[in-house]
2 protein chains.
Amino acid sequence: MQARAADGQIIEVQSPDEALEVYRHSTSHLMALAVTELYPDTRLGIGPAISDGFFYDFQRGTSFAEEDLAKIEQKMRDLVAQDLPYQPAIVSVEQAIKEFGGRDEQLKVELIKEKCDERLSCYRVGSLVDFCTGPHVLSTGHIDPKTFKVVSLAGSYWKGDEKRDRLQRIYGTAFLTEADLHDYVHRLEEAKKRDHRRLGKDLDLFSIHEKAGAGFIYWHPKGAWLRHTIESFLREDLLRRGYQFVVTPHVAKMDLWRTSGHADYYRQNMYLLNIEGEEFALKPMNCPEHVTIFKTHRHSYRELPIRMAEFGTVYRFEKSGVLHGTLRVRGFTQDDAHIFCTPDQVYDEVLGVLDLAEHVLRTFGFEKYEVELSVWDPNQKGKYVGEAADWNLATATLIRALEAKGLPYQRMEGEAAFYGPKIDLKLIDAIGRKWQATTVQFDFNLPERFDAGYIGPDAKNHPVVMIHRAIFGSLERFIGILVEHYAGAFPIWLAPVQAAVLPISEKFHAYANHVKQALQSAGLRVHLDDRNEKVNLKIREGQLQKFPYMLVVGGREETERTVAVRNRFLGDEGAMPLEKFIEKVNDLVATKAVRP
Amino acid sequence: MQARAADGQIIEVQSPDEALEVYRHSTSHLMALAVTELYPDTRLGIGPAISDGFFYDFQRGTSFAEEDLAKIEQKMRDLVAQDLPYQPAIVSVEQAIKEFGGRDEQLKVELIKEKCDERLSCYRVGSLVDFCTGPHVLSTGHIDPKTFKVVSLAGSYWKGDEKRDRLQRIYGTAFLTEADLHDYVHRLEEAKKRDHRRLGKDLDLFSIHEKAGAGFIYWHPKGAWLRHTIESFLREDLLRRGYQFVVTPHVAKMDLWRTSGHADYYRQNMYLLNIEGEEFALKPMNCPEHVTIFKTHRHSYRELPIRMAEFGTVYRFEKSGVLHGTLRVRGFTQDDAHIFCTPDQVYDEVLGVLDLAEHVLRTFGFEKYEVELSVWDPNQKGKYVGEAADWNLATATLIRALEAKGLPYQRMEGEAAFYGPKIDLKLIDAIGRKWQATTVQFDFNLPERFDAGYIGPDAKNHPVVMIHRAIFGSLERFIGILVEHYAGAFPIWLAPVQAAVLPISEKFHAYANHVKQALQSAGLRVHLDDRNEKVNLKIREGQLQKFPYMLVVGGREETERTVAVRNRFLGDEGAMPLEKFIEKVNDLVATKAVRP
């Protein structure tokens, strides 16, 4: 791709990543030009390229409306047709202040004043001037009008600071080819269709009530069923793997959080309360309570490892503005566990967690994930607790376990928590999005703060090694991800309703009821739709409810003691004896098949 | 029994209950006399007869010690030998004030001044004078020294008011026969041995940590296992009975509690917190959140009844002084449910709850319970919400259901909650103590406050009938009761460890391990005691751990592929092939047998 650098030279951009960035940046200026031409009372904020496209922040008395987006897009096309050149200029700070001050662009002036450079590079395209390091495409004619889109509107603040000017952000995107844009738009639409907030309501899974507080989830029977099924599945697996469950309170006195360090380092995320004049807090994490239980006994090395698990509901402060369905909430249930072990046991334990994660995630159809290994920055040892030897052993163990599992990983230098290195797994869902889920973390901090140890074969006390780990991360979040991953069409072992029985008329209610009873006795979850409605309507609504199976019953089915099976994915499967259907479903449940 | 009334007449007390009360009251004066003779610096509070005996409150600078109790008891015997008469006298208020003022009994003077009567009856026995309506036994010689006991010490406040004088309470008891006292003392000792706080620690079920806050339970793996097993048992039963589970947050905004009325009427029991400047509270009850879920849809009468259940953890303020193990706590999990139904369905629903309670309680070996029916006071209609017709229908329905179940009940006039009448069941445990458990309550308040209704066959909106019910009441409390009821020796289906394998020496560790694996594969919960200790010590410790079975394995068992079975209740059952043992245990689990 040809582009014009800030010094006016034409350069050849080779790498596709760089080319995409130049292209998007140029399109973002094009969008700003379109906006300021259409709405001359608009002033400029910043307009960077981001991972999915770009945005531009604007200052304007009037609010933009959704309908304006199409107008802006059309105006951009018109400006493409005008083939306006992107003209760079290197100017002094004084010149820049004069230029932007003259345009009443006070936010830009503020930015310029903060810059230390003596000279700035600016680009002019049409009537728009913005300072920018470039490079840009040569002219708007080099932007293919079929490759960009104005996507959405949002609110923002100048410099992200709630106390500064409120701005309006317009998101756009551009791709190097029309096909890429098409894929992207398709993914966006797909994501919209899968939005767990909409499906959560349509499928009657959960609700959130402003009146009772944002960020707190009310699980309706069907959603609670999902939760329970997922919990039970993991619980049984963990018991088989030698985990023990505990149950700890949601409230603890500040003394505990002072010992753990949360009172000092996590206080701003904690909900505080007062009981008889003493300060308490809702637990933001389960760890200090698990260590408290560990500490109720002296432990011999022969008792280790102890794998202590809890579906522990924790409460953390989040600003109301960032709350999002079940994905970002103020109260959530971690599938938490802490492994207390000796240094000799660490490798097997980490491997065990990776095994577990692989098994569990695969069960939900997540075959692929990205792995990040976060290690410390050995040049800033002061930022971390624990000895170098511990860090090195822990990091080497994590690497050894990842290699044994054949998992490629990205090493994140200096990204470890202050208390130890960690592995994070990011799920890749059905439409290619990534979601943070499993984490395995060493903790050198809590054993020291709580003086948690074990008696070794040498009859001496040794500090115990503590590993935090969660597979799902949070049940709320994981279920949100699952809803989007499955687009609400849950595998039959998870589905709150596995089969709906649809009598074609009232005459067959008795047989339909018999079918329902038979399925229920076989342990299936069944919905009988005995409304006096046409069967086609029932099927249409059943599709929206994403029932794995709909069983239509009429005269023929009653006579032959069969059900006419409609598979959510495969459509009509024809009539089937009731027992055969039950057997089929039981097989799918037993194997946790992702699709019927 | 002969007794002397306040007017000096000798009367014959006929009823055994009255006789016991007279006897205890006289013994309480005897105890007060003994205390004031032994410790002349002691002043008197009150000294009533109570259900298990009596107490007397004393004011004294020095604290009584446990050792003093035996001294007091001995002094009482000496005073019995002196055969001192109980002498009544009717005196004027002025005389009484003079008499008690002269003795520096200021608390008594305060009481006398509060009395409206012109004349008071007093009894003198030895140097003690107390005012008392009597009657009393004729003299201390009429008290059999083998029928009373000074039981324990406790703190108290004058008039139960923390802001008034701190007093020392001495509990005593007396019975009409030596055998009755003996039974009582035995029950006391039995209760002490069964104390769930001691057993909870010995059996490693739970702990409470001052540092983390009194009144919050930490369930260790074995206790959490009990909880989970009890929850699962009830959950499965409820699902079969058409209940649906929900999961609701532990935190809600004050708006919700204002609608429900808790903000006005229950605030002093709620833990408050602040999020972004708004007031929130930990939930003290689940009801408002369940109504919130109910209200997310319009409901047709055809969808009712809806039986909405949750193991909902609630938090209520309790003064630290009244907290008691798991029986009285600040956070507890209710096995809560709310039934939303039409008036026509009420009878079946109440009957269903009583059926459920009977089934569940019987499973835990509670065959008997006392039933209380709390009704309103129709003369104080202003104290209650709801219409007279609703109250009458609800009360009649509760009675009809109790009668249909053949349950005798005590009618508690005016004891209904302000929102509706209720049935309470009090369990009677293995040593005859009563415990409040199951409750079934009508609620006329919340449906009105939340405007919760359903569409009737007339296509009009009707207020829904709401029934609260809990079977256990609280899991924490119920498990505490169970620990005491079973004295820690849980039935095999509940026992966290069902069998311990005890190799008689290291030579048999391999076979012991084989036995353990075989049992675990069969789904049993097994502990292998492979310490290098004598098998007798292992058995002794296993007895303390209350394992239902201990399986001793040595050379003979290894050769014959058997286990030598030791039944916790029946002792040695001899050698048994492993498969036979597994079969036996599985039978006991399947039938939820209370004893092996």
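Sequence lines set the chain letters: A, B, ... in the order given, protein chains first and strands last, and positions in each chain run from 1. Treat the numbers as computed from the prediction; the structure is a model and nothing was measured.
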Pick from A/L282, A/I217, A/V251: which one has the most heavy-atom pairs with chain B under 4.5 Å? A/V251
Only one of A/Y271, A/F216, A/Y315 passes ring pair (Phe, Tyr, Trp, His ring centres under 6.0 Å) with B/H250, and that residue is A/Y315
With a 4.5 Å cut-off on heavy-atom pairs, point out which of A/Y218, A/F206, A/F245 contacts chain B the most. A/Y218
Do B/T292 and A/K211 have side-chain atoms, one donor and one acceptor, less than 3.5 Å apart? no
So what's closer than 4.5 Å to chain B heavy atoms on A/L273: side chain, backbone, both or neither? both
Just so I understand: if I count every heavy-atom pair under 4.5 Å between each of A/R227, A/H209, A/H228 and chain B, which residue has the most? A/H228
So for A/T333, is it side chain, backbone, both, or neither that comes closer than 4.5 Å to the heavy atoms of chain B? neither
Which value, rounded to the nearest 0.5 Å, describes the distance between B/E210 atom CD and A/K253 atom NZ? 5.5 Å
Select one option (side chain, backbone, both, neither) describing which atoms of A/W257 are under 4.5 Å from chain B's heavy atoms. neither
Kindly give the heavy-atom pair with the smallest separation between A/E276 and B/E318, and that separation in Å. OE2-O, 4.3 Å
Derivation and outcome, side-chain contact (heavy atoms from CB on, under 4.5 Å), residues B/I275 and A/F317: CA-CA 8 Å; B/I275 307 181; A/F317 177 69; 3.9 Å; yes
Take A/L239 and B/R525 through the test side-chain contact (heavy atoms from CB on, under 4.5 Å) and record every step on the way to the result. CA-CA 11 Å; A/L239 290 174; B/R525 302 182 291 276; over 6 Å; no
Kindly give the heavy-atom pair with the smallest separation between B/H220 and A/T296, and that separation in Å. CE1-OG1, 3.2 Å
Counting only heavy atoms closer than 4.5 Å, note whether A/K319 contacts chain B via side chain, backbone, both or neither. both
Under a 4.5 Å heavy-atom cutoff, which of B/S320, B/S207, B/G331 has the most pairs with chain A? B/S320
Name the option with the most non-hydrogen atom pairs under 4.5 Å to chain A; the candidates are B/R302, B/M308, B/R240. B/R302
In terms of heavy-atom pairs under 4.5 Å with chain A, the winner among B/E310, B/H297, B/R235 is B/R235
Which bit of A/R330 is near chain B, if near means a heavy-atom gap under 4.5 Å: side chain, backbone, both or neither? side chain
Taking all non-hydrogen atoms of both residues into account, name the closest pair between B/W219 and A/I293 and its distance. O-CD1, 3.7 Å
What's the shortest heavy-atom distance between A/G213 and B/F280, and which atoms? CA-CE2, 3.8 Å
Contact part of B/E279 toward chain A, heavy-atom cut-off under 4.5 Å: side chain, backbone, both or neither? neither
Shortest non-hydrogen contact from A/A224 to B/V246? CB-CA, 3.8 Å
Under a 4.5 Å cutoff for heavy-atom pairs, which residue among A/P288, A/A252, A/A309 has the most contacts with chain B? A/A252
